[in-house]
Amino acid sequence: MQQDTTKTGDFISIIWPISYTPEEAAESTGVSRTRIFNAIRERELTARKCGKTTVIEATELIRWVRSMPTRGREPAAA
């Protein structure tokens, strides 16, 4: 996934995507495309449709990853 960058004066701002296709979601989380579609089908992950296009909101993708079981050290409380 490639982020858009904008140079303003001495600053470079990064514009993060607000949604991902299932392929981009798989790439960004390190899981397979099949696992993404299984999670959607099993209602673990919410996707939205725009015509034939399936998109997953970035916040939903983060929530889904954080809902996965942990191994090793427990994450710090938010």
Side-chain angles (χ1 to χ4, degrees):
M1 163 127 266
Q2 191 173 24
Q3 289 82 26
D4 292 330
T5 59
T6 306
K7 185 161 177 71
T8 307
D10 293 335
F11 299 98
I12 296 177
S13 61
I14 298 174
I15 302 168
W16 297 100
I18 62 169
S19 66
Y20 297 87
T21 64
E23 292 78 12
E24 292 168 338
E27 183 179 332
S28 68
T29 59
V31 301
S32 69
R33 183 177 174 274
T34 300
R35 179 65 184 106
I36 294 291
F37 280 109
N38 285 343
I40 294 167
R41 186 175 57 253
E42 294 169 10
R43 297 180 174 262
E44 297 171 7
L45 180 62
T46 302
R48 298 185 180 274
K49 296 293 284 185
C50 181
K52 291 183 179 182
T53 304
T54 300
V55 294
I56 302 162
E57 292 178 82
T59 54
E60 172 62 8
L61 194 58
I62 291 168
R63 185 210 55 79
W64 178 67
V65 169
R66 288 186 175 172
S67 74
M68 294 177 182
T70 59
R71 297 200 60 154
R73 186 180 74 81
E74 286 292 321

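Quick caveat: nothing in here was measured; it's all calculated off a predicted structure.
Here the straight-line distance linking atom CD of E27 with atom OH of Y20 works out to 10.0 Å at 0.5 Å rounding. Taking NZ from K49 and OG1 from T53, the interatomic distance works out to 7.0 Å, rounded to the nearest 0.5 Å.
Residues forming a side chain to side chain donor-acceptor pair (under 3.5 Å) with T70 (at least two apart in sequence, or on another chain): E74. Looking at residues two or more places apart in sequence or on another chain, you find a side chain to side chain contact (heavy atoms under 4.5 Å, CB included) between T34 and S32, N38.
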Please determine whether side chain to side chain contact (heavy atoms under 4.5 Å, CB included) holds for the pair L45 and E60, giving the CA-CA distance in whole Å, both sets of side-chain angles, and the decisive distance to 0.1 Å. CA-CA 7 Å; L45 180 62; E60 172 62 8; 3.7 Å; yes
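Listed by first and then second residue, the salt bridge (charged side-chain N to carboxylate O under 4.0 Å, His left out) pairs involving residues 28-39 are E23-R33, R35-E44 (not counting sequence neighbours).
Looking only at side-chain heavy atoms (C-beta outward), T46 and I56 stay at 4.5 Å or farther from each other. Looking at heavy atoms from C-beta onward, V31 lies in side-chain contact with W64 at the 4.5 angstrom threshold. Within the 4.5 Å cutoff, side-chain heavy atoms of T29 are placed close to those of I36.
Other residues, nucleotides and ligands contribute more than 12 heavy atoms inside 6.0 Å of the CZ atom of R63.
Of the possible donor and acceptor atoms, one in the side chain of E24 sits under 3.5 Å from a partner among the backbone N and O of T21.
No single ILVMFWY cluster, assembled from side-chain heavy atoms under 4.5 Å apart, contains both V65 and V55.
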